[in-house]
Structures are given as C-alpha cells and as structure tokens.
Amino acid sequence: MKADRSEAARRVALVTGASRGIGRAVCLRLARDGYEIVAVARSEMDLNALAVEIDLAGGRCRVYPLDLTDAARIDDELGGMHADVVVNNAGIGVTKPFLELTPADWNRMIALNVNALYHVTRAVLPGMMDRGAGHVCTIGSISGRSAFVGGSCYAATKAFVTAWAESLLLETRERGVKVSVVSPGGVATMFGGKVPTAADAWKLKAEDVADAVSYVVGTPPSVLVHRVEVRTLSAPPPKRG
Ligand SMILES: NC(=O)c1ccc[n+]([C@@H]2O[C@H](COP(=O)([O-])OP(=O)(O)OC[C@H]3O[C@@H](n4cnc5c(N)ncnc54)[C@H](OP(=O)(O)O)[C@@H]3O)[C@@H](O)[C@H]2O)c1
C-alpha cells in the first residue's frame, strides 16, 4: 500500500468503528486513496495497530479511542474537527426475537446505530457546510429494507439510516455537501460477536465494502452516488435441518 497524495493535498476522513471489520478496511482503503485517517472506536490497541499499518505504508492516521454511546465525549473530542469525509460505520446487531430483546439490547443499538449518527455528524458537518464541500457516508444494510426474524430493532436502525440520509441530503446538497449510504449484504466480520468460519465463505469481504466506499467518496464534485447496495453474486447456502 502506498499513499499517493502529497502532504499538502491530504484530505481528512473520519471513520467510526475503525478497530476491525468494515471500518478498519475502509481506513486502509481511504489511506491508500491519500486521506489522512481519523480512526474512532473503543479498542485503543487495535486502533494503534491500524495506525502503525497506515504509517508504515506512508499514510497518516490519528486515533481516538472513544465509546460512541457517550454523546458528551463525542462532542468534547470530535466537536469542530476538520473532516472532508465522515464514514459513519460503527454499529452493533443484537438479533433476537422482539420479546427476548432486553431494554439494554434495545438501548445499546439505538444509542450506537442511531444516536451516534446525530452526534458524530453534528461534530463535523458545520465545518463542511462552511467550506461548501464534504461527504457524509453512512454504512446501512440490506436488512434496512428486508425484514428478518430477530431484526425488529437492528433492521429498524438500518431503515433509519436511509430515511435520515435522504432527508439530510435535501438540507446539504445546495451547500456542496454530499450524503450517501452504502448498504452491504452479509459481510464476513466479527459482527454480532461471531468469528467468521468456512461457512461464511460465501459472504462479502470487508474490503469489498471498503472499495464501494472509496468509489462513492471519490466521485467528481458534481456527481453524487447517494445509495449503493453491495451484495455477493452467490446466494447464501440453504439452512440445514
Ligand atoms: N457484517 C455484516 O454482515 C454487515 C452487513 C451489513 C451492514 N453491516 C454494518 O457494517 C457496520 C460495521 O460492521 P462490521 O461487520 O464491521 O462489525 P464489527 O466487525 O463488529 O465492527 C464493529 C465496529 O464498531 C465499533 N464499535 C462497536 N461499539 C462501539 C461503541 N460503543 N463505540 C465506538 N465504536 C464501537 C467496534 O469497535 P470497538 O469494539 O473497538 O469499539 C468495531 O470497530 C455496522 O454498522 C453494521 O451494521 C454489517
């Protein structure tokens, strides 16, 4: 990996959920595209390892170990930060039948998948609007528009993403700020606390989603790709039993 932008031209991409999975892959990809990365997640060790990898490849990465369910800390640490791109990626999925979801499950998903979008985007959007340029790119999910058992909260948080992003776009487009949603199908990551196995081989790789994000944020100034769905060509194997 070799960064291909000079220091002077380096733009800043703030990526949440950067410690692993899709967010980590997005950081590596955007660093390769020449962005200085602002990497946010809770796991400081994993963020530091990411920063070393980006540094060794000639890029730049600043780390912000932060629990994004803590609105006050987001405001303190990220408020007013210069970002040319923000990738709202951090998200969790507790997928259980509705009556088995605890109040804590419900509130954690809403706090991260919904409320953190408000706080993180508010931290950087005023600067984008003032400069007349910027891009708010959020990771949705195909589950935001196709129901599944156990998805009553998670799928609803992803449906929120598309409705929020489309409305936000109407407020920002005349000020030069793009808003996009990248919605993957199944991706082989540790999402939901599961370690990927051979049975996940049919899924997308995190890098496939990162490539889509790179494309979306790399379009010419006059072009907006507002929504992208990324799927594997193959269907999931049939469930046994
Ligand atoms: N995997 C899939 O099949 C799939 C499909 C469609 C959409 N998505 C979406 O893709 C996004 C990324 O998922 P992934 O598959 O990469 O999952 P993942 O491997 O579990 O990564 C989730 C990331 O979010 C961070 N995070 C979790 N809780 C956080 C908190 N309270 N504060 C700050 N950061 C937090 C994690 O870092 P720390 O634990 O270090 O905080 C980690 O970096 C999510 O929005 C998910 O809904 C995933």
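Note that this is a predicted model, so its numbers are computed, not measured. Both counts, for ligands and for their atoms, begin at 1 and track the order of listing. Scope of the values below: all heavy atoms of this structure, side chains included, with no hydrogens, waters or symmetry mates.
Protein residues lining ligand 1, listed by chain and number: Gly17, Ala18, Ser19, Arg20, Gly21, Ile22, Ala41, Arg42, Ser43, Leu66, Asp67, Leu68, Thr69, Asn89, Ala90, Gly91, Leu112, Ile139, Gly140, Ser141, Tyr154, Lys158, Pro184, Gly185, Gly186, Val187, Thr189, Met190, Phe191 [non-hydrogen atoms, distance under 4.0 Å].
In summary, the side chains of Asn115 and Thr69 do not present any donor paired with an acceptor at a separation below 3.5 Å, with no hydrogens or angles considered.
Glu36 has no carboxylate O lying under 4.0 Å from a charged side-chain N of Arg11, or vice versa, which leaves the two without a salt bridge.
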For residues 93-103, dump all side-chain donor-acceptor pairs below 3.5 Å to protein atoms at least two apart in sequence or in another chain.
| from | atom 1 | to | atom 2 | distance (Å) |
| --- | --- | --- | --- | --- |
| Lys96 | NZ | Asp105 | OD2 | 2.6 |
| Thr102 | OG1 | Ala104 | N | 3.3 |
| Thr102 | OG1 | Asp105 | N | 2.9 |
| Thr102 | OG1 | Asp105 | OD1 | 3.4 |
| Thr102 | OG1 | Asp105 | OD2 | 3.1 |

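The minimum heavy-atom distance between Ser180 and Val225, with the atom names listed, is OG-O, 2.7 Å.
Contacts classified as side chain to side chain donor-acceptor pair (under 3.5 Å) and involving residues 159-172 (residues at least two apart or in different chains) are given here: Glu166-Arg227. Within the structure, every pair that satisfies the side chain to side chain donor-acceptor pair (under 3.5 Å) test and touches residues 203-221, not counting sequence neighbours, is listed here: Arg29-Asp211, Arg29-Ser214, Asp33-Ser214, Lys178-Thr219, Asp200-Lys203.
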